[in-house]
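Structure first, commentary second.
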Amino acid sequence: MSHLQWQPLGLDERIEVIAPGMPFHPENFKKSKKVIEAWGCEVHAPKDILGHHPVSANSIAKRRDFIKKALASPSAFIWATRGGYGSL
């Protein structure tokens, strides 16, 4: 059986952003994204990551699709913006 070996995140890695649970404040996200991009990483987030759902960041179908796309992407890292009950 092979064992996975964790590697530190490189400075030129691609990062996928998902919002599986609660919505986030867009300005806080923009600030965080700028910091990570200053490290040399590429940050990819769906343009419609925030929908008009009253409790969650988006509809169940959209959040599911975003997670599936992130897992299938060549990214080294998936950034979940917030948690919460909807993340289950």
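Computation of the quantities below employed the complete heavy-atom set of this structure, encompassing side-chain atoms and omitting hydrogens, waters and symmetry-equivalent molecules.
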(message) Test salt bridge (Lys or Arg N to Asp or Glu O under 4.0 Å) on Glu37 and Lys34; report intermediate values, then the result.
(response) CA-CA 5 Å; Glu37 287 173 337; Lys34 280 185 181 180; over 6 Å; no
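Separation of atoms CD1 (Ile18) and OG1 (Thr81) is listed at 7.5 Å; rounding is to 0.5 Å. In this structure, Arg14 CZ and Ile78 CD1 are separated by 10.5 Å, a value rounded to the nearest 0.5 Å. Taken to the nearest 0.5 Å, the CD1 atom of Ile60 stands 6.5 Å off from the NE2 atom of His53.
For the pair Ser56 and Pro23, the tightest heavy-atom approach, listed with the atom from each and the gap, is C-CD, 3.7 Å.
Side-chain contact between Phe29 and Leu50: absent, with no pair of heavy atoms (C-beta onward) separated by less than 4.5 Å. Trp79 is listed as a side-chain neighbour of Val43, based on a closest heavy-atom distance under 4.5 Å.
Each salt bridge (charged side-chain N to carboxylate O under 4.0 Å, His left out) pair with one or both residues in residues 67-81, not counting sequence neighbours, would appear here, but there are none.
With sequence neighbours excluded, the residues forming a side chain to side chain contact (heavy atoms under 4.5 Å, CB included) with Asp48 are Pro46, Lys62, Phe66, listed by chain and number.
In the hydrophobic cluster analysis, where Ile, Leu, Val, Met, Phe, Trp and Tyr join through side-chain heavy atoms closer than 4.5 angstrom, Val35 is grouped together with Val17.
At least one donor-acceptor pair under 3.5 Å links the side chain of Arg63 to the backbone N or O of Asn58.
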